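Throughout, a chain's letter reflects where its sequence line sits, starting with A, and its residues are numbered from 1. Bear in mind the structure is a predicted one, so any value in this text is a computation, not a measurement.
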Protein chains: 2
Amino acid sequence: MLDHLKAYLQNKLPLTDAQFGALGRVLVPKELKRQQQLVRQGEVGRYGAFVAQGCLRSFVVDKKGKEHVLQFAPENWWIADQYGLIHHEPALFSIDALEDSRVLLFGPDFYQQLPQLGPPFQAFFYELQQNSLQAMQKRLIATLSATAEERYLDFIRTYPSLTQRLPQRLIAAYLGITPESLSRIRKELAGHR
Amino acid sequence: MLDHLKAYLQNKLPLTDAQFGALGRVLVPKELKRQQQLVRQGEVGRYGAFVAQGCLRSFVVDKKGKEHVLQFAPENWWIADQYGLIHHEPALFSIDALEDSRVLLFGPDFYQQLPQLGPPFQAFFYELQQNSLQAMQKRLIATLSATAEERYLDFIRTYPSLTQRLPQRLIAAYLGITPESLSRIRKELAGHR
DNA sequence: CTTCTGCCTTGATGTAGGATAAGAAATGAA
DNA sequence: TTCATTTCTTATCCTACATCAAGGCAGAAG
């Protein structure tokens, strides 16, 4: 699992064996069964994860019991409630596995170690976070200004592989609509071709 | 204007005079008139800003011509299209002044300088970004799961001073509803007391 | 003072997507 | 295979909010 991470990082930044070893020492490999929960909304979460295989998601359950997906994390994605993790505060959302998965876990200490792993690594994480922020901004804009159909088309374009891989109810929960609505949209789109 | 920044940073992190001097050298003081635009959506933006006085906002205009506010930045807030700035890509959103304001501008080079300003300063910016991300996440969740009224009440609770200070049409553009709807919500709430 | 020009309000009507219900199809377990 | 469970679809009705249209009111400019 660590070699998976190594392969992933190889293209992105140059790490010496020593540095990679240090990184390996703060990451804990773990296998997750489908449905298994890693972080529970409202509880103080202890882990974030790098996904080597499978797929996780972060999501919230609102007062009406509806699920809303914040992020999907297939292979080579990082997923965590960073804020809660670092500040030891109750997690804003839950994280669970959508498929049997193999992940590398990290705890709050991970962020303390970051500086010791060298400036390039730090910059890499800064950038990761920046990308998350931009993605969130784009999504908020889309949610505020586009129709459900437009957002769905956008999702397909942006994550074609996930479109195949995930059940529609999860995509609906990501788009912020009901499965019924998504079904109607798909029917409508199918008719137009 | 720099002394304003100094006062603001004082509580947050210990900076030597030398470090602060270096920081001062990458920041350009600027006065903005109300309505003046700092970054234009779609163009490659050259600046972000620390607001010493007044209030800015970031916003997008969608295809139907509707404005959506992403962020308000009153005194002591930072505002920028970080991603576009660093990557020299067209800005996702515009930034303009809602009141006559005094700001400290920074360019893409600012992020290059960060490491030289020392680890605590770097950590400070990492945290700023983290807070932005969390705020965005919360807002996305709210937009997906709460009614307009709930979001308005939340806004009042979170930003009481802005509620006074900003015209309602801007708050509506932030909440993702029309000014008409906000007016109706306020009427409804007023009736209940 | 008067005339503009934004901003806010109110009312009438429209609509995207929700809620509910029920059946079909797929998946999985025994 | 058969039975059960979950997922997807379709139809009907409903609601939160948008759109359109008009009028009121306050501050700015003449």
Side-chain angles (χ1 to χ4, degrees), chain A residues 33-36 55 57 59 61-69 72 96-100 140-156 162-192, chain B residues 33-36 55 57 59 61-69 72 96-100 140-156 162-192:
Chain A
K33 284 281 162 209
R34 194 169 106 87
Q35 306 257 39
Q36 195 173 341
C55 188
R57 66 157 174 177
F59 68 102
V61 179
D62 68 24
K63 315 120 226 166
K64 289 158 231 147
K66 273 188 70 171
E67 284 184 8
H68 300 276
V69 173
F72 293 118
D96 68 1
L98 298 175
E99 311 168 351
D100 292 349
L140 183 66
I141 293 170
T143 306
L144 292 175
S145 67
T147 64
E149 178 171 322
E150 289 168 327
R151 275 176 281 143
Y152 176 58
L153 290 171
D154 197 54
F155 181 86
I156 295 177
L162 288 181
T163 311
Q164 307 304 319
R165 192 167 167 183
L166 300 172
Q168 282 167 210
R169 39 172 292 273
L170 288 179
I171 297 179
Y174 178 92
L175 296 174
I177 58 179
T178 59
E180 291 94 329
S181 289
L182 180 54
S183 179
R184 262 170 292 190
I185 288 169
R186 285 167 51 85
K187 185 186 178 182
E188 173 66 15
L189 288 173
H192 275 310
Chain B
K33 284 281 164 208
R34 195 171 104 87
Q35 306 256 39
Q36 195 173 340
C55 189
R57 65 156 176 178
F59 68 103
V61 180
D62 68 25
K63 312 122 226 164
K64 288 157 231 147
K66 274 187 70 170
E67 284 184 8
H68 301 276
V69 173
F72 294 117
D96 69 0
L98 298 175
E99 311 168 351
D100 293 348
L140 183 66
I141 293 170
T143 306
L144 292 176
S145 67
T147 65
E149 178 171 321
E150 288 168 328
R151 274 176 282 145
Y152 176 59
L153 289 172
D154 197 54
F155 181 86
I156 295 177
L162 288 180
T163 310
Q164 308 303 319
R165 193 168 168 182
L166 300 171
Q168 282 168 211
R169 38 171 292 275
L170 288 179
I171 297 179
Y174 178 92
L175 297 176
I177 58 178
T178 58
E180 290 94 328
S181 289
L182 180 54
S183 179
R184 273 173 214 129
I185 288 169
R186 286 167 52 84
K187 185 184 178 183
E188 173 67 15
L189 289 173
H192 274 310

B/Glu149 vs B/Leu189, side chain to side chain contact (heavy atoms under 4.5 Å, CB included): CA-CA, chis, key distance, verdict: CA-CA 9 Å; B/Glu149 178 171 321; B/Leu189 289 173; 3.6 Å; yes
Please write out the pairs of protein N or O atoms and N or O atoms of nucleotides 10-18 of chain C separated by less than 3.5 Å, giving the distance to one decimal.
residue	atom	partner	partner atom	Å
C/dG11	N7	B/Arg184	NH2	3.3
C/dG11	O6	B/Arg184	NH2	2.8
C/dA12	N6	B/Arg184	NH2	3.3
C/dG17	OP1	A/Ala148	N	2.7
C/dG18	OP2	A/Thr178	N	3.3
C/dG18	OP2	A/Thr178	OG1	3.2
C/dG18	OP2	A/Ser181	OG	2.5
C/dG18	O6	A/Arg184	NH1	3.1

Verdict with reasoning, A/Arg186 to A/Leu182, per side chain to side chain contact (heavy atoms under 4.5 Å, CB included): CA-CA 6 Å; A/Arg186 285 167 51 85; A/Leu182 180 54; 4.0 Å; yes
B/Phe59 vs B/Leu170, side chain to side chain contact (heavy atoms under 4.5 Å, CB included): CA-CA, chis, key distance, verdict: CA-CA 10 Å; B/Phe59 68 103; B/Leu170 288 179; over 6 Å; no
A/Lys66 side chain vs A/Gly176 backbone, donor-acceptor pair below 3.5 Å: no
N/O donor-acceptor pair under 3.5 Å between A/Lys63 side chain and B/Ala146 backbone: no
Nearest-Å distance for atom pair CG/C1', residues B/Leu189 and C/dC8: 16 Å
Span of DNA chain D in contact with chain A (heavy atoms, under 4.0 Å):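 So the outermost contacting nucleotides come out as D/dT7 to D/dT12.
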Side chain to side chain contact (heavy atoms under 4.5 Å, CB included) assessment of A/Phe72 paired with A/Leu98: CA-CA 9 Å; A/Phe72 293 118; A/Leu98 298 175; 3.8 Å; yes
Name of the residue among B/Arg34, B/Lys33, B/Arg57 meeting salt bridge (Lys or Arg N to Asp or Glu O under 4.0 Å) with B/Asp96: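 Exactly one candidate clears the test, B/Arg57.
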Atom pair CD (B/Glu99) and CG (B/Leu166), whose distance is rounded to the nearest 0.5 Å: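 The CD atom of B/Glu99 sits 7.5 Å away from the CG atom of B/Leu166.
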